[in-house]
Amino acid sequence: MASKNLRRRLHHGDVDGKRHEHFETSGLDGLNEPLLGNYEYDDKHPEEHALWDDERKKEDQHWTLLFSRLIAEWAQWLANIVIGSGTLLKRVLPFDSATPTGQSKKILPPSLSPLQEERLRNMQQRMEVPFDSTRVEHQDALRQLWSLAYPDRELPALKSELWKEMGWQGTDPSTDFRGGGFISLENLIFFAKKYPDSFHRLLHKLDGNRADWEYPFAVAGINISFMLIQMLDLQSVVPNTEFKGKPTSQAAVRFLQLLGEDEMAFDNLFCVAFQLMDAQWLAKRASYMDFNDVLKSTRTQLERELELEDVYSVRDLPVYNMLKR
């Protein structure tokens, strides 16, 4: 993506301070590779013989910054306990389902009601639909997303430089879907319709002080859809069954309960995840190359909140309060 299409600002803040969570990936095509590649920075001073006093000053400034961030993280952590819903004990103590590596261990799946089975089957069928730029309904959906994002602007051609403004990486948005599939476009449209205020604030990067090199909005949405599919075990397969197998992680089992209450639970969870990802982005003072780390910490936070005992709908998740209609 050309740098001229990226917003150039600075930012600050923190959410939960989790910086090195583990993250599993599965074998879906395309997006099993990171959206943004890793890059190793060389922080060494170009001069071999820098003065000792200068080095000590840099070190002191480094530790001062670390302590200030730590204080901000603790303040936000306490605020989450007071403001967010959920069991206090579950927030303070580690979850029983956590392994020493921080991963959620597998648990036995519950029996599904006919309604849950039907909705899970529908979800998995939606996942299997790739984006097809030759299908009229897919083209219309892409145009609908543009109209929702920019209601006062003329529709561009399906291949145009203007799509980069929305955060597609090239002039043809269809090349960015890869393993995300048509469901990721449906998620973005749902977000724009259901929570237009949050959608536009994230699209136009209106909150906080932003990085010089921001994440691309539309492609970030595709990655969030893919991350949720992984996190909720929705791609798991059991042979000799009528549809894909039942999810077995604790967060995924909780999602099945939410699905029984709300057929659009996945789409609503997508909106929550996107809002949380942006908050994590600002909290970690992230830039373009940090996107994958931010996505990992977003997943970890969602898993924790889905494991809270008093979550019966997406609205009960503490991070839901961040969304604005």
Side-chain angles (χ1 to χ4, degrees), residues 23-32 104 106-132 135 137-138 141-142 144-145 177-195 220-277 295 298-299 302-303 305-307 311-317 319-320 323:
F23 183 57
E24 297 178 353
T25 57
S26 63
L28 290 182
D29 293 337
L31 288 184
N32 58 346
S104 294
K106 301 294 182 180
I107 62 176
L108 294 176
S111 299
L112 299 183
S113 69
L115 179 62
Q116 286 174 311
E117 287 194 0
E118 178 184 359
R119 290 179 174 177
L120 177 58
R121 184 183 298 110
N122 291 339
M123 266 296 311
Q124 292 169 330
Q125 289 174 350
R126 287 176 65 192
M127 289 163 39
E128 293 174 352
V129 179
F131 181 84
D132 185 350
R135 294 178 60 175
E137 59 268 34
H138 289 198
L142 200 54
Q144 182 184 15
L145 178 63
F177 283 97
R178 296 174 290 171
F182 185 62
I183 191 173
S184 57
L185 178 55
E186 292 179 316
N187 292 154
L188 286 167
I189 291 173
F190 180 88
F191 192 13
K193 287 182 173 180
K194 188 75 176 289
Y195 307 99
I222 293 175
N223 277 256
I224 290 170
S225 295
F226 181 74
M227 178 271 288
L228 290 176
I229 289 171
Q230 291 181 309
M231 184 184 81
L232 301 175
D233 289 344
L234 295 175
Q235 78 279 16
S236 61
V237 178
V238 175
N240 302 320
T241 57
E242 184 179 350
F243 58 96
K244 291 180 183 288
K246 300 174 183 177
T248 53
S249 72
Q250 186 164 345
V253 169
R254 174 57 56 83
F255 173 75
L256 289 181
Q257 298 171 359
L258 305 185
L259 196 60
E261 299 296 325
D262 177 13
E263 186 175 8
M264 306 305 293
F266 183 84
D267 301 80
N268 278 304
L269 192 60
F270 169 86
C271 301
V272 168
F274 210 141
Q275 184 70 63
L276 176 60
M277 186 280 294
L295 197 61
T298 300
R299 170 174 172 163
L302 281 177
E303 287 175 328
E305 299 206 2
L306 284 168
E307 292 170 354
V311 172
Y312 305 103
S313 72
V314 175
R315 291 175 178 270
D316 294 329
L317 295 172
V319 293
Y320 179 84
L323 284 173

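Only this structure's heavy atoms are used, side chains among them; waters, hydrogens and symmetry mates stay out. Position 1 is the first residue of the sequence, and the numbers go up from there. Worth saying up front: this structure is predicted, and the values here are computed from it rather than measured.
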Full working for side-chain contact (heavy atoms from CB on, under 4.5 Å) between R254 and V311:
CA-CA 8 Å; R254 174 57 56 83; V311 172; 3.4 Å; yes
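- Between the side chain of H138 and the main chain of F131, no donor-acceptor pair closer than 3.5 Å is present.
- Residues S184 and F226 fail the side-chain proximity criterion, which asks for heavy atoms closer than 4.5 Å.
- When atom types are taken as modelled, the side chain of Q116 and the backbone of L256 share a donor-acceptor pair closer than 3.5 angstrom.
- R126 is linked by a salt bridge (Lys or Arg N to Asp or Glu O under 4.0 Å) to E186, D267, counting only residues two or more places apart in sequence or in another chain.
- Summarising the geometry, atom CG belonging to L112 is positioned 12.5 Å from atom CZ belonging to R119; distances are rounded to the nearest 0.5 Å.
- L234 and M123 make their closest contact through CD1-CE, 3.7 Å (heavy atoms, listed as atom of the first residue, atom of the second, distance).
- Interatomic distance, L188 CG to C271 SG, rounded to the nearest 0.5 Å: 9.0 Å.
- Residues F191 and F270 meet the side-chain proximity criterion, which asks for heavy atoms closer than 4.5 Å.
- What you find for L185 and A141 is that their closest heavy atoms are CD2-CB, 3.7 Å.
- Here the side chains of Q230 and R299 are in contact, with some heavy-atom distance below 4.5 Å.
- Separating the CZ atom in R178 from the CD1 atom in I222 is a distance of 7.5 Å, to the nearest 0.5 Å.
- Counting all heavy atoms, side chain and backbone alike, L120 lies closest to L259 at N-CD2, 3.6 Å.
- Residues F177 and P130 are not in side-chain contact: their nearest non-hydrogen atoms beyond the backbone lie 4.5 Å or more apart.
- Interatomic distance, L232 CG to M227 CE, rounded to the nearest 0.5 Å: 9.0 Å.
- Annotation: side-chain contact (heavy atoms from CB on, under 4.5 Å) contacts of A192 (sequence neighbours excluded): L148, F199.
- With a 4.5 Å cut-off on side-chain heavy atoms, L258 and D316 do not count as touching.
- Here CD of E261 is found 9.0 Å from CD of Q257. Values are rounded to the nearest 0.5 Å.
- Residues N268 and D262 have side chains in contact (heavy-atom distance under 4.5 Å, counting atoms from C-beta outward).
- Residues M231 and L302 meet the side-chain proximity criterion, which asks for heavy atoms closer than 4.5 Å.
- For the pair F255/V314, no side-chain contact is recorded, criterion being any heavy-atom separation below 4.5 Å from C-beta on.
- Every residue two or more places apart in sequence or in another chain was checked for a ring pair (Phe, Tyr, Trp, His ring centres under 6.0 Å) with F266, and none qualifies.
- Note: I224 CD1 to N187 CG = 9.5 Å, rounded to the nearest 0.5 Å.
- Across every non-hydrogen atom of A273 and T298, the tightest pair is O-CG2, 3.7 Å.
- The aromatic rings of Y320 and Y195 stand perpendicular to each other, their planes meeting at an angle above 60°, with 30° marking the opposite boundary.
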